[in-house]
Amino acid sequence: LLRSKINCCPGLFLQPEKQMRYMKKTKYIRLVLITALLSSCNRAAYHQGTGETAQTNDSTCIFGQDSCSSVFNFDLWYYAFRPFLDYFSIFYPPPLYGGSLVISRSGVLRRGFGRASVKVSS
Amino acid sequence: MERISITARDNWQEIVEIQGFGYHTPDVLYWDETAYYSFGPEEIDGIEKATGELWEMCLDAVQHVIDKHLYPDFHIPEQFAGYIERSWTEDYPALYGRFDLAYNQGQLKLLEFNADTPTSLFEAGIIQWLWLQDFNKEMDQFNSIHERLVGHWRFLIDHLRSHTIHFTCLKQTLEDLTNLEYIRDCAIQAGLDTKLVFLDDIGWNPEIKVFVDLENLPIKSIFKLYPWEWLIGDEFGPNLLSDKNESLWIEPAWKMILSNKAILPVLWKLFPDHPHLLPAYICQQEMNQYVKKPLLSREGSNVEIVVNGIRIQATGGEYGMEGFIYQEYFPLPDFDQNYPVIGSWVIGQYPAGIGIRESRNLITDNFSRFIPHLIRG
């Protein structure tokens, strides 16, 4: 079972459990996405208050093992924080019927998840 | 456990922003380094041990709910019972959870378990560690969150349905996105290929009955920062049952049981008088002091504290239609009217570290502040 402790994280337990418990992290924490991207996101997000749609030059595609995130070659901030209706009008036609779903030329339906408009934090 | 007041770093906002922490002051101060909590090693041992015990008890509780078919108590739609049970019996992988614990006068009590979409992971795993490097490099912290995340993703590689795993959350929320991107970061470091697709961009191909991303490629394994109760209630919710790929959603559907407050009465029934549990019931019992909690509320919404028949504190919100549980009131420790809750992380199957949120109220809500901690030498 994945829920069994025996099978979990074999690589980690080359070190004694006692050493893992308290942090004493490696000297250098490598974050390939966060520090480069989201700090930039944050600076850009400040512009939300002024109504400007500032962009950065960051892309989630630039990192080695990441297969690609910015499928439209948009930067992450623009993808994540562009005002919804603005975003909606570019990528999708208006809804075809009563619900909120939209349908593309390929017949794929979208906007069926994410009806909640609040953050998830718990 | 002690609370020590200190002076914040001069340019702390700039420091944490460079580290990728953009929601340190969303409306009011959230990251607060004008104090820290100090623990003795034996206290940390106790928190770690309690977290491990609680996790094992939770797994037993899931089995019990499934065996007894208690879904109505959890307000879980009957049509999803089989879906949940398949995710359990086929052992769909889970990544993490956060127990919220009250620690007062040597007693450690479970308040609730954020098993599905816990946040504050990034500040607990990274930001408070980097704070400690500036504050005192010689001190330690109960925090192996980062290493555990990378390690557990590495372990899960062979248990996913695809080498590429999608990551999804809502648009327009920096806090959710940061937590999601941090988890994705760890997955990348573990050797996985990843793709980000926001929730409303997830597609459904009705001809072949599969979920697809923005490139119309099938989604077979996906990490979501979005609660199960919202997912199944959305327009695509029923499609989860007919998905031909039987996509792996992480956290798995069986976390619907653990993330529901109705798990608290189940735990109390299975493990009565356990030192880390509080009496909890689906129906109100003869308790002099209790906390009334909605089954699905988030960030302390719609919670009431009643002492001797008097409501001493209550919060508003949109929850409660789904029902309530009643848990014996256990006061949080009072540090000059700062009331801390310990968020104790389990990653994979192991306790992995803590993050502390502190509130000015007895109910920890979305105005609470994250306070770093250290272990006394």
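This is a predicted model, so every value here is computed, not measured. Each chain gets a letter, A, B and so on, in the order the sequences are listed, and its residues count up from 1.
Interface residue B:D213: only backbone heavy atoms are found under 4.5 Å from chain A. Residue contact with chain A, scored on non-hydrogen atoms closer than 4.5 Å, involves the backbone and the side chain of B:W88 alike. Both the backbone and the side chain of B:L231 come within contact range of chain A, judged by heavy atoms closer than 4.5 Å. Residue B:L132: no heavy atom, backbone or side chain, is found under 4.5 Å from chain A. For chain A, no part of B:F167 is nearby; none of its heavy atoms comes within less than 4.5 Å.
Considering only heavy atoms from C-beta on, B:I250 comes within 4.5 Å of B:I165 through its side chain.
For an aromatic pair to be called close, the ring centres must be under 6.0 Å apart, and B:F236 with B:W249 fails this.
Remark: B:N114 CG to B:D100 CG distance equals 5.0 Å, nearest 0.5 Å. Distance check, rounded to the nearest 0.5 Å: NE2 of B:H24 to CD of B:Q13 gives 6.0 Å.
Most heavy-atom pairs under 4.5 Å with chain A: of the set B:Y92, B:W204, B:F211, this distinction falls to B:W204.
Not a single donor-acceptor pair under 3.5 Å links the side chain of B:H146 to the backbone N or O of B:F122.
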